[in-house]
Chemist: 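Okay, here's the structure, questions in a sec.
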Amino acid sequence: MLKKRDLPIGFTMELAQHADILIRFSHLSEAEQNKIIDGAKNVTSREGMREYVENLFSCR
């Protein structure tokens, strides 16, 4: 379960659109989640965030 923290709104919205990715994300360790969240904070566009979220687990 995610603890309350500053999640980029675009990241949260994209996770809500991708239930499968949200489930996989929620099973990561807190350190792994924080690394992904930090990466999301560097995304500057809606399209970029969509790509970021959709590609989260393509290399894992």
Side-chain angles (χ1 to χ4, degrees):
M1 181 104 166
L2 293 175
K3 295 180 181 178
K4 186 175 180 180
R5 61 182 118 179
D6 290 326
L7 293 172
I9 189 70
F11 180 68
T12 305
M13 292 174 68
E14 282 301 321
L15 282 180
Q17 297 296 315
H18 297 84
D20 57 325
I21 296 172
L22 174 59
I23 291 167
R24 290 181 71 181
F25 177 79
S26 70
H27 286 98
L28 296 174
S29 70
E30 186 173 349
E32 290 171 313
Q33 289 180 4
N34 286 333
K35 184 176 179 180
I36 290 171
I37 292 165
D38 288 343
K41 290 178 180 178
N42 294 317
V43 178
T44 59
S45 70
R46 184 177 190 173
E47 294 80 20
M49 188 63 75
R50 182 176 303 121
E51 289 177 15
Y52 182 76
V53 169
E54 289 176 352
N55 293 312
L56 278 177
F57 296 101
S58 63
C59 298
R60 292 175 190 256

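The residues of the chain are indexed from 1 along the displayed sequence. Please read all numbers here as calculations on a predicted model, not as lab measurements.
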Chemist: Could you report the tightest heavy-atom contact between Ile21 and Val53, atom names first, then the distance?
Modeler: CD1-O, 3.3 Å
Chemist: Treating Ser58 as the side-chain partner and Glu54 as the backbone partner, does any N or O pair qualify as donor plus acceptor under 3.5 Å?
Modeler: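 Between the backbone of Glu54 and the side chain of Ser58 there is no qualifying donor-acceptor contact (under 3.5 Å).
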Chemist: Nearest 0.5 angstrom please: His27 NE2 to Gln33 CD, how far?
Modeler: 10.5 Å
Chemist: Does the side chain of Val43 come within less than 4.5 Å of Lys41's, by heavy atoms?
Modeler: no
Chemist: Hey, are the side chains of Ile37 and Phe25 touching, using non-hydrogen atoms and a 4.5 Å cut-off?
Modeler: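 They are in side-chain contact.
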Chemist: Is it true that Phe57 and Leu22 fall in one hydrophobic cluster, defined by side-chain heavy atoms closer than 4.5 Å?
Modeler: yes
Chemist: Got a second to check how far Ile36's CD1 is from Leu7's CG, nearest 0.5 Å?
Modeler: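 With rounding to 0.5 Å, CD1 (Ile36) is 11.5 Å from CG (Leu7).
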Chemist: Check whether any side-chain heavy atom of Asn42 lies under 4.5 Å from a side-chain heavy atom of Tyr52, and answer yes or no.
Modeler: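 They are not in side-chain contact.
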Chemist: Might you point out which heavy atoms bring Pro8 and Met49 nearest each other, and give the distance in Å?
Modeler: CB-CE, 4.5 Å
Chemist: Can you tell me how far apart CG (Asp20) and CG (Leu56) are? Round to the nearest 0.5 Å.
Modeler: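 Here the rounded value is 10.5 Å.
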Chemist: With rounding to the nearest 0.5 angstrom, report the OG to CD distance, Ser45 to Glu51.
Modeler: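 Going from OG on Ser45 over to CD on Glu51, the span is 7.5 Å.
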